[in-house]
Trainee: 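Structure incoming, see below.
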Amino acid sequence: MAEKKKDRNNTIDPAALEVLAKTKDSGIESAYDRYVNMQPQCQYGNAGVCCSICLQGPCRITKKASKGICGATPYTIVARNLLRHALGGTACHSDHGLHITMVMKEIADGHGGDYTVTDSGKLKRVAEKIGVSVDGRSDQEVLKDVVGVAMEDFSRLEKGKYCTWLEKTVIPARMEKNLDCNIAPNSIHKTITESMAQTHMGMDADPVNLVFQSLKTALCDYVGMHIATDLSDILFGTPTPVVSEANMGVLEEKMVNIALHGHNPILSEMVVKAAREMQDEAKAAGAEGIKCMGICCTGNEVLMRQGVPPLTNFLSQELAIMTGAVDAMVVDVQCIMPGVQTVAECFHTKIITTIPNVKIPSSYYVDFDETRALETGREIVRIAIEAFKERDASKVSIPQIKNKVVAGFSLEAFEELLAAVNPDAPYKVITDAIDSGELAGVCLFAGCNNLKVKHDENHSTIAKELAKNNVLIVATGCAAGTYAKLGLLNSDAVEQYAGDGLKAFIKRLDDANKGKLQESLPLIFHMGSCVDNTRAYDLCTEMAKQMEMDIPKVPFVASAPEAMSEKAVSIGSWFVTLGVPVHVGVIPPIPGSPLVVGIALQIAQDVYGGYFMWEEDPMVASKMLLDALGERTWKLRVHKMAAEKYETAISPTW
Ligand code: BF8
Ligand code: SF4
């Protein structure tokens, strides 16, 4: 293990390895080097028993000091830190959802500027789902009410009224569970305020109370991201299958290369639009044109809707600049390493920050003004064109590695594929395949990269192992980024990695959709960015509705093999709360409290049906995920047999 932590070539991505090799003695540092320099990392921090919540701290729990100065025990410190993590994630997703909501409010009020409703069908579907009437009303009127409900979900203060986006999108049994456990949130902002207060020095010391508040906070993460996805689809269109390619080979030596990095499509959609219009300006500057490409979840957003190729995922963001071929990296919010600026200064690359609460010293700052969105997009593209003129050809070295990608599987697009087989009950295509044993179940791969495990290795190994064992796989976030880069999002991968059952299932969908698709279906279905994890959970909800069962009986699991961010903590927590077993490939900072560990790994299952599994070894993790699916299908079979034998309803227990 110690040796592994000293290896800067901590990735299996061949393009990343090539850049690391070329920059070995250059003195240009990336996260791969800084991770090695950071060893050994603080063991108190790793165990979660370091508290710096008040200025008397930091307090660390040691053999000599079994409590913090204020008397806080390890379980209080661990649970309080956990809640703070969930809060960070929830605030980020909700801030993203709020930004889109406010742009939609401008459209509803008639000042949308360059923004307009692109997908009126989705607007109606969302309205109907959340209880807004659509009959005989214009899009503008419907949108006004949809935005009103979203704003209430952010701001409601009254007790006894709960977030609409939660209440109306989960199955009733899950909402009852939330109410029973007193974790149904009234609104996002109220819950965030409560949680921040609850974690102040001298507030809550009860670990169980703190853990339940983490779950309540995480449910707000679900609400914030569901709003973000729904409104983004209304604004820019619900994704449909799209063909592209991924990895650093998408950089073009003779073009202006613009990397779009961050999370929010509000800005990136406009930059893509501006770039498409400004090809002639780039030619006048000596380039063959302009090419946009994506990093992290902004990359996923523009891939899903515009076919923009993913350049790389989270961990290798600095390495992309080291190719010397990125003219501008335009960033919005979240997961942007401050290190990109230092690397950019060794090249001609311009880092362009755009959001008032995300600035990096020495970067270009172009204030993204939604009232003149396209014009701002053009300003940004112009900076990239100017930078292209300064590019030093002797520093350019592009790894010639890229793979074909078939993406764009919103739940609607996925449902359409299924409906071609069974128009009356699309999701029965999946549940029947599980009943017959053709499929072992469904797994969502989500989340980040984390140098504590080899970059992309856990994502790739576990997915291949599950595919071999006939698990239907959907993916989001940087997990989807891994699969795009490594060639798992195309039909060749089906041939290479799918077990016979999964192969037959995908072929059935392919055959039923012949003529409608540009390309054969991939091994793994890319469902979008991190905020789009709700698309995957909605799939689980549809399976539950088809089976007429609560979520803990649905053979659906989730895995974040290389989790890194606070957002991963909040996402994992709501998945567990909403009944799904969740594997995490790095150990979160809670081993310092056996009590909190017990809640996460065992008690959660009794209460919610969902639970965490922590395992760094990808083969062991694969087995855990397969066992979790196997347990659910086996139990369901036994419960069905018992119901038939005793002529009763199927047991609702898990
Ligand atoms: O929101 S997967 S590293 S980019 S946090 Fe970040 Fe993690 Fe990537 Fe997208 Ni999600
Ligand atoms: Fe130490 Fe208590 Fe302050 Fe935390 S809140 S830093 S444990 S004194």
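As the structure lists them, so they are numbered: ligands from 1, and atoms in each ligand from 1. Here the structure is a predicted model, which is why all the values come from computation and not from measurement.
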Trainee: Does T193 use its side chain to pair, donor to acceptor, with the backbone of H189 at less than 3.5 Å?
Mentor: yes

Trainee: Could you list the atoms of ligand 2 found under 4.0 angstrom from a heavy atom of M201?
Mentor: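 Reading through ligand 2 atom by atom, the close ones are 5 (S).
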
Trainee: Only one of N403, N313, D13 passes side-chain hydrogen bond (donor to acceptor under 3.5 Å, both in side chains) with N247; say which it is.
Mentor: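 Exactly one pass, corresponding to D13.
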
Trainee: Can you list the atoms of ligand 2 that are under 4.0 Å from a heavy atom of G68?
Mentor: 7 (S)

Trainee: Could you identify the single nearest non-hydrogen protein atom to atom 8 (Fe) of ligand 1 and state the distance to 0.1 Å?
Mentor: C478 SG, 2.3 Å

Trainee: Taking OH in Y75 as the centre, count heavy atoms belonging to other residues, nucleotides or ligands within less than 6.0 Å. Is the count above 12?
Mentor: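 Counting other residues, nucleotides and ligands, OH of Y75 stays at 12 neighbours or fewer.
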
Trainee: Using a 4.0 Å cutoff against the non-hydrogen atoms of C335, which atoms of ligand 1 qualify?
Mentor: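 Those qualifying, in numeric order: 3 (S), 4 (S), 5 (S), 6 (Fe).
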
Trainee: Which ligand 2 atoms, with their elements, are less than 4.0 angstrom from a heavy-atom of G57?
Mentor: 6 (S)

Trainee: Distance to 0.1 Å, residue and atom name: give those for the protein heavy atom nearest to atom 7 (Fe) of ligand 1.
Mentor: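 Going atom by atom, the protein heavy atom closest to atom 7 (Fe) of ligand 1 ends up being C448 SG, 2.5 Å.
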
Trainee: Can you list the atoms of ligand 1 that are under 4.0 Å from a heavy atom of M564?
Mentor: 3 (S)

Trainee: Are T354 and D332 linked by a side-chain donor-acceptor pair shorter than 3.5 Å?
Mentor: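 No, because no side-chain N or O of T354 sits under 3.5 Å from a partner of the opposite role on D332.
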
Trainee: With only distance considered, is N449 within less than 3.5 Å of ligand 1 through an N or O on each side?
Mentor: no

Trainee: Got a donor-acceptor contact below 3.5 angstrom from the N458 side chain to the P561 backbone?
Mentor: yes

Trainee: Tell me which protein heavy atom sits closest to atom 1 (O) of ligand 1, plus the residue, atom name and distance to 0.1 Å.
Mentor: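 Residue, atom and distance for the closest contact: H263 NE2, 2.5 Å.
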
Trainee: Among H455, K454, E457, find the residue that satisfies the side-chain hydrogen bond (donor to acceptor under 3.5 Å, both in side chains) test when tested with T11.
Mentor: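 Among H455, K454, E457, the one meeting side-chain hydrogen bond (donor to acceptor under 3.5 Å, both in side chains) with T11 is H455.
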
Trainee: Between H526 and F409, does a ring-ring contact (aromatic ring centres under 6.0 Å, His included) hold up when you go through it step by step?
Mentor: CA-CA 6 Å; H526 190 324; F409 297 98; 8.6 Å; no

Trainee: Nearest to atom 10 (Ni) of ligand 1, what protein heavy atom do you find, and at what distance?
Mentor: C530 SG, 2.1 Å

Trainee: List every atom of ligand 1 that sits less than 4.0 Å from any heavy atom of F314, numbering the atoms from 1 in the order shown and giving each element.
Mentor: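 Here the atoms of ligand 1 in question are 3 (S).
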
Trainee: For ligand 1, which atoms sit closer than 4.0 Å to a heavy atom of C296?
Mentor: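 Here the atoms of ligand 1 in question are 4 (S).
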
Trainee: Using only heavy-atom distances, determine whether the side chains of K567 and H263 contain a donor-acceptor pair under 3.5 Å.
Mentor: yes

Trainee: Considering residues, nucleotides and ligands other than R60, do more than 12 of their heavy atoms fall under 6.0 Å from its CZ?
Mentor: no

Trainee: Hey, are D230 and W165 close enough side-chain-wise for a donor-acceptor pair under 3.5 Å?
Mentor: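 Indeed, the side chains of W165 and D230 share at least one donor-acceptor pair under 3.5 Å.
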
Trainee: For atom 8 (S) of ligand 2, what's the nearest protein heavy atom and its distance?
Mentor: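 The answer is C70 N, 3.5 Å.
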
Trainee: At what distance is the nearest protein heavy atom to atom 5 (S) of ligand 1, and which residue and atom is it?
Mentor: S565 OG, 3.2 Å

Trainee: Which label fits Y483 and F445: parallel for a plane angle under 30°, tilted from 30 to 60°, or perpendicular past 60°?
Mentor: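 Because their plane-to-plane angle is over 60°, the rings of Y483 and F445 count as perpendicular.
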
Trainee: Suppose I only count heavy atoms of C297 and a 4.0 Å limit; which atoms of ligand 1 are within that range?
Mentor: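 Those of ligand 1 that fall under 4.0 Å from C297 are 1 (O), 4 (S), 9 (Fe).
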
Trainee: For atom 1 (Fe) of ligand 2, what is the closest protein heavy atom, and at what distance to 0.1 Å?
Mentor: C59 SG, 2.2 Å

Trainee: Starting from atom 3 (Fe) of ligand 2, which protein heavy atom do you reach first, and at what distance in Å?
Mentor: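 Going by distance alone, atom 3 (Fe) of ligand 2 is nearest to C54 SG, 2.4 Å.
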
Trainee: Check for me whether G447 has a heavy atom closer than 4.0 Å to any atom of ligand 1.
Mentor: yes

Trainee: Using modelled atom types and a 3.5 Å cut-off, is there a donor and acceptor pairing between side-chain atoms of Q341 and backbone atoms of P361?
Mentor: no

Trainee: What is the closest protein heavy atom to atom 4 (Fe) of ligand 2, and at what distance does it sit?
Mentor: C51 SG, 2.3 Å

Trainee: List every atom of ligand 2 that sits less than 4.0 Å from any heavy atom of Q56, numbering the atoms from 1 in the order shown and giving each element.
Mentor: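 Those atoms are 8 (S).
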
Trainee: Does the pair K485 and E245 meet the rule for a salt bridge (charged side-chain N to carboxylate O under 4.0 Å, His left out), with working shown?
Mentor: CA-CA 8 Å; K485 289 188 303 173; E245 45 189 20; over 6 Å; no

Trainee: Would you kindly specify which portion of R80 sits under 4.0 Å from ligand 2, judged on non-hydrogen atoms: side chain, backbone, both or neither?
Mentor: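 The part of R80 near ligand 2 is the side chain, not the backbone.
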
